[in-house]
Protein chains: 2
Amino acid sequence: MPKGDLPKTRRGRARREQILRAAEEVFGEAGFAAASISEITRRAETAQGTLYIYFKSKEEIFRELVVEMGHLTRTVVTRALDPGATRLEAERAGLAAFLHFVAERPALYRIVEEARFVDPAAYRDYFTTFAKAYEARLKKAQADGEVRPGDAEVRAWALMGMAKALGERYALWGDPAEIDGVVDEAFALVREGLAP
Amino acid sequence: MPKGDLPKTRRGRARREQILRAAEEVFGEAGFAAASISEITRRAETAQGTLYIYFKSKEEIFRELVVEMGHLTRTVVTRALDPGATRLEAERAGLAAFLHFVAERPALYRIVEEARFVDPAAYRDYFTTFAKAYEARLKKAQADGEVRPGDAEVRAWALMGMAKALGERYALWGDPAEIDGVVDEAFALVREGLAP
DNA sequence: GCAAAACATGAACCATGAATCATGTTTCAT
DNA sequence: ATGAAACATGATTCATGGTTCATGTTTTGC
């Protein structure tokens, strides 16, 4: 029984995966507190005890999901940055990719945000890591003269916050069809600022 | 026993207030799930049953705090906008006031954010109301030619998101002394944008 | 001063649901 | 083929803590 490790057999790996996917669903829909182990195992079509072969607690499954989801978000956003367009245009694409991703997998947003309360360390880790990468990109763009000089760390957090709020308002609560328009407006703000 | 109403006697009003302040502390420190009624009443120096004279459930105390805190934040930020300075400068002052407020009463931030999970309706209400006010200010500024034309709603949510993220990173996790510098940097971004 | 309403108490009740464990079944290396 | 390790089961256990309630005490209006 590998507690922190991965399962040894094909069957084991499949079970663990089933449980994780069911947990993602249930945590996403009900939130951590209201999510019950019995509901998770019901959807995973296993016995309750089975879950404890692969995870040592309810918190541990949750943490695993946060890590997984963080990795996924970073992948989605980073992949969108590729094109050889302007640095700022690339950032625009990253924001668009993020918002569409939130709209497609709303459980992601909820789980990561709830981590602030369920597992503060994982939450902080996730955003700090993300911010560092963002900061590095901004610094590089600055060095290349593609953006005005300024504190890259503050900018990274400000822009991340923007993305989170827009994701909540438009991708989660609003009409997904609006997203592209929102991205245009938001990036106009980031590019030119508010001053006339 | 006034269930939704306010207490009739001076003593009653004082008790209710003691309980609310204790609840603010405990919810802020421990989060909703880990906060126990017994700990709240211990700090309020009353019996557990007393709490149920004034609130019909744990959720109801929490909701009351969200409403109260929302009102307080709006007051603090709005008060900071008074001066007859430039509209943009006034906004800068609002951001500064918000960040200092978060640093002073971190429980506020936590409770309001946790409301997303404990009481989604109250959470959404709170931010939608706030956004509407922000939007109106931006529209007015736009009409007066003090900011470039653009979608005021998107801008309001983007700027709110910025404030939340900066609050989390610098007012909650960072050194409060940094706040004024952060405000300057962030508002430079908002004013002039990233483009060189 | 006195009834009635409001307020206060804290031990006991009770639902909930996470975690365990004794008992099987399946997989895999040799 | 076979034994050992890995995996699977689900009813039972157990701690937790929100809520209730029977019994006082205090305040208020008249």
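Numbered from 1 within each chain, the chains take letters A, B, ... in sequence-line order.
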From [options], nucleotide with atom closest to [X] side chain:
X: Ala47(A); options: dG10(D), dA8(C), dT19(D); result: dG10(D)
X: Thr9(B); options: dC7(C), dC7(D), dT9(D); result: dC7(C)
X: Ser36(A); options: dC7(D), dT9(D), dG17(C); result: dG17(C)
X: Ile53(A); options: dG18(D), dC7(C), dT9(D); result: dT9(D)
X: Lys8(A); options: dA8(C), dA6(D), dC7(C); result: dA6(D)
X: Arg11(B); options: dC7(D), dA19(C), dT26(D); result: dT26(D)
X: Lys58(B); options: dA6(C), dT19(D), dT9(C); result: dT19(D)
X: Tyr52(B); options: dT9(C), dC7(C), dG18(D); result: dG18(D)

Rounded to the Å, how far apart are [X] [atom1] and [N] [atom2]?
X: Gln18(A); N: dT9(D); atom1: CD; atom2: P; answer: 9 Å
X: Glu60(B); N: dT19(D); atom1: CD; atom2: C1'; answer: 14 Å
X: Ile40(A); N: dT9(D); atom1: CD1; atom2: C1'; answer: 18 Å
X: Phe62(B); N: dG18(D); atom1: CZ; atom2: P; answer: 14 Å

* Are Glu113(A) and Lys164(A) ion-paired here, with the side-chain N under 4.0 Å from a carboxylate O? -> yes

* **For Arg191(B), the option from Glu89(B), Glu91(B), Glu146(B) that meets salt bridge (Lys or Arg N to Asp or Glu O under 4.0 Å)** =>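 The residue from Glu89(B), Glu91(B), Glu146(B) that satisfies salt bridge (Lys or Arg N to Asp or Glu O under 4.0 Å) with Arg191(B) turns out to be Glu89(B).
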
* Quiz item: Gln48(B) side-chain donor-acceptor pair to dT19(D) base, under 3.5 Å ->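 For Gln48(B), whose side chain was compared with the base of dT19(D), there is a donor-acceptor pair (under 3.5 Å).
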
* Asked: Do Arg110(B) and Phe117(A) touch side chain to side chain, with heavy atoms closer than 4.5 Å?
  -> yes

* To do: Could you pick out which residue, Ala34(A) or Thr50(A), lies toward the 5' side of DNA chain C when each is mapped onto its nearest nucleotide?
  =>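 Comparing both residues, the 5'-ward one is Ala34(A).
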
* Asked: Under 3.5 Å, side chain of Ser36(A) to main-chain N/O of Glu39(A), donor-acceptor pair present?
  -> yes

* Asked: Which residue lies toward the 5' end of DNA chain D, Gly49(A) or Arg13(A), if each is placed at its nearest nucleotide?
  -> Arg13(A)

* To do: Answer yes or no: are there more than 12 heavy-atom neighbours, outside Glu45(A) itself, under 6.0 Å from its atom CD?
  => no

